[in-house]
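Everything below concerns the one structure shown next.
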There are 2 protein chains.
Amino acid sequence: MTDRTKIAFKTSRHAVVTPPPNNAADAALPAGGASASASGPSFSPLYQQIKALILRSLQSGEWRPGEAIPSEIELAARFKVSQGTVRKAVDELAAENLLTRRQGKGTFVATHAEEQVQYRFLRLMPDQPVAESTDSRREFLDCRRLRAPADVARALHLKPGDMVVEIRRVLHFSGCPVVFDDIWLPGRLFKGLTADRLSEYRGPMYGLFESEFGVRMIRAEEKLRAVAADADIAQALQVPQGTPLLSVERLSLTYGDQPVELRRGLYRTDRHYYRNELS
Amino acid sequence: MTDRTKIAFKTSRHAVVTPPPNNAADAALPAGGASASASGPSFSPLYQQIKALILRSLQSGEWRPGEAIPSEIELAARFKVSQGTVRKAVDELAAENLLTRRQGKGTFVATHAEEQVQYRFLRLMPDQPVAESTDSRREFLDCRRLRAPADVARALHLKPGDMVVEIRRVLHFSGCPVVFDDIWLPGRLFKGLTADRLSEYRGPMYGLFESEFGVRMIRAEEKLRAVAADADIAQALQVPQGTPLLSVERLSLTYGDQPVELRRGLYRTDRHYYRNELS
DNA sequence: GAGTGGTCTAGACCACTTC
DNA sequence: AAGTGGTCTAGACCACTCC
């Protein structure tokens with residue numbers, strides 16, 4: 001706990017324990033940050049470095065969704081830092097919904113499989129609270145492989161001509177068609193995905209992606225618009241042509257902000273609304 | 001730092017320092033929480049209690065928006081807890097956007113007045129990044145006082161017949177009308193609000209509410225729908241009647257989740273979209 | 001009882017801002 | 001140089017879960 005020790009910690013940050021030992025030159029890290037460093041970040045708190053290491057283990061699949069990660073004490077020992085520093089790193093990952101803490105049990109890799117109310121990402125709420133029976137139904141209209149259209153390729157960071165899986169489906173609530181989804185997935189990541197697999201699977205679609213294809217959705221960006229129903233959509237959602245619909249274009253991202261799903265949804269908003277909270 | 005001291009802290013939590021000393025019986029708080037407590041919360045971490053006290057000072061106006069609050073060390077002394085405990089309380093308030101920390105300067109009461117990009121709550125984004133000139137214009141159509149319609153009264157937790165201020169306005173971007181807003185405010189809180197005051201004020205409307213009426217918007221809940229433009233709206237937004245518009249009903253809340261504004265917006269989404277992030 | 005995360009403290013040092 | 005928030009550590013105890 002002397003000054004010496006403190007500095008030793010500081011200068012050996014990058015060499016800190018990690019499963020595949022990183023032998024990068026220590027000199028790459030500024031000694032104390034005291035001197036006027038050149039441009040750039042030039043400094044990263046210890047807990048951020050620990051956070052990045054944990055993130056790497058998550059990404060590499062060292063701990064699978066739903067599993068417990070090592071206890072804070074174990075992680076502290078592994079990374080040779082105090083428990084408090086690990087705690088702060090884990091706190092941030094938990095705040096980002098990548099980890100879930102459960103007092104007395106441990107810290108777990110977040111999963112879409114047993115999400116509390118099923119649909120973590122679906123913001124559509126019924127105007128009238130639904131009578132207990134959450135009678136939702138998924139109707140898969142289509143699931144096929146094709147070369148990505150230009151706009152889809154661009155959104156998913158694919159090369160023009162790369163294969164994608166396209167899924168079309170309708171969600172029904174209380175017996176009424178409410179959502180029409182058109183979904184594109186990179187073919188490379190979703191080999192073997194078929195309409196049957198989709199139909200058979202119980203639970204959220206993102207749970208299937210996670211358990212069957214190892215693709216974990218972390219966050220998503222949505223663009224909302226109001227549009228008029230064309231003939232096809234009008235039929236699918238059983239509304240007159242020209243009915244205003246809520247258009248929701250969602251780009252889902254996995255670790256490292258890599259796009260892995262583009263989804264274009266059209267929502268009927270006569271008996272439902274899209275809920276959002278600003279803060 | 002003996003056990004004795006620890007317990008002393010615990011049992012005197014509620015009596016902890018606060019400007020108007022609270023003389024509530026210490027016995028009201030469970031001693032250690034060890035015994036099987038009855039139903040209810042029955043336990044609140046120290047930092048949550050400190051957080052509540054800071055919140056109370058914010059609500060009472062002890063520190064005004066934009067001002068610095070006492071340093072962590074001062075707060076720790078005032079509340080007779082460690083700096084770390086104050087820090088955790090402040091951390092949470094900062095995460096909720098009620099406080100803003102600035103390294104080396106202090107912790108400040110958050111404000112809408114000098115918000116970074118002006119519109120913290122407006123999620124409408126242009127399809128094409130706007131050429132530097134953020135040429136937005138506000139056109140106030142109306143500002144009058146009337147008795148609250150039933151639905152407005154219900155949303156704002158007012159009694160039927162209470163007075164409200166109704167404001168109608170159109171927002172223009174790049175010379176084009178994009179947003180039609182219909183806004184209701186409790187008359188009791190906004191005495192003296194006139195169309196002139198609104199027109200004169202530069203900066204976000206929530207900034208004016210804050211500095212002129214002491215009403216600070218903390219968070220808001222929105223319900224989005226797609227609707228068709230009726231004749232009046234069509235004229236105001238210069239679109240054909242029946243054009244799909246994004247309907248955004250916003251309920252803004254202040255401290256203690258008290259509703260203080262109901263806003264019904266209709267957005268043209270032909271050149272803009274409503275951006276949302278899911279995580 | 002053992003193990004986990006959750007709270008609380010105390011003290012050191014660092015980085016940033018202001019004087 | 002002084003004051004502020006930011007990081008890091010070490011150790012204590014508490015609450016919860018499981019055996």
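Labels below follow one simple rule: chain letters A, B, ... track the order of the sequence lines, proteins then strands, and each chain is numbered from 1. Note that this is a predicted model, so its numbers are computed, not measured.
- Between A:F79 atom CZ and D:dT7 atom P there is a gap of 18 Å when expressed in whole angstrom units.
- A straight line from CD1 of B:I50 to P of C:dT9 spans 8 Å, rounded to a whole angstrom.
- Look at B:T107 and you'll find a side-chain N or O under 4.0 angstrom from OP1 or OP2 of D:dG5.
- Between the CG atom of B:L122 and the CG atom of B:L171 there is a distance of 7.0 Å, given to the nearest 0.5 Å.
- At D:dT4, one or more side-chain N or O atoms of B:S71 fall inside 4.0 Å of OP1 or OP2 (strictly under the cut-off).
- Look at CD1 on B:I73: it is 8 Å from P on D:dG5, rounded to the nearest Å.
- In this structure, the nucleotide among C:dT7, D:dT7, C:dC8 sitting nearest to the side chain of B:K88 is C:dT7.
- As rounded to whole Å, 11 Å separates atom C1' of D:dT7 from atom CD of A:Q48.
- Checking the phosphate oxygens (OP1, OP2) of C:dC16, no side-chain nitrogen or oxygen of B:K105 falls inside 4.0 Å.
- Distance B:Q83 CD to D:dG3 P: 14 Å, rounded to the nearest Å.
- A salt bridge between A:E212 and A:R197 is present, with a side-chain N of the basic residue lying under 4.0 Å from a carboxylate O of the acidic one.
- Mapping B:G106 and A:G104 onto DNA chain D by nearest heavy atom places B:G106 closer to the 5' end of the strand.
- Atom-to-atom, CZ of B:R102 to P of C:dT18 comes out at 10 Å; the value is rounded to the nearest Å.
- Here the side chain of B:Q103 is nearest to one of D:dT7, C:dT9, D:dG5, namely D:dG5.
- The OH atom of A:Y47 sits 13 Å away from the C1' atom of C:dC14 (whole-angstrom rounding).
- Residue contacts for B:R87: at a heavy-atom cut-off of 4.0 Å it reaches a base atom on one of the strands shown.
- Using modelled atom types, one finds a donor on one side chain and an acceptor on the other under 3.5 Å when comparing B:T111 with B:E210.
- Remark: A:R102 qualifies as a cation-pi partner of A:F108 under the 6.0 Å distance and 45° angle criteria applied to the six-membered ring.
- Atom CG of B:L99 and atom C1' of D:dT4 are 15 Å apart (whole Å).
- A salt bridge links A:E62 to A:R78: at least one charged side-chain nitrogen sits closer than 4.0 Å to a carboxylate oxygen.
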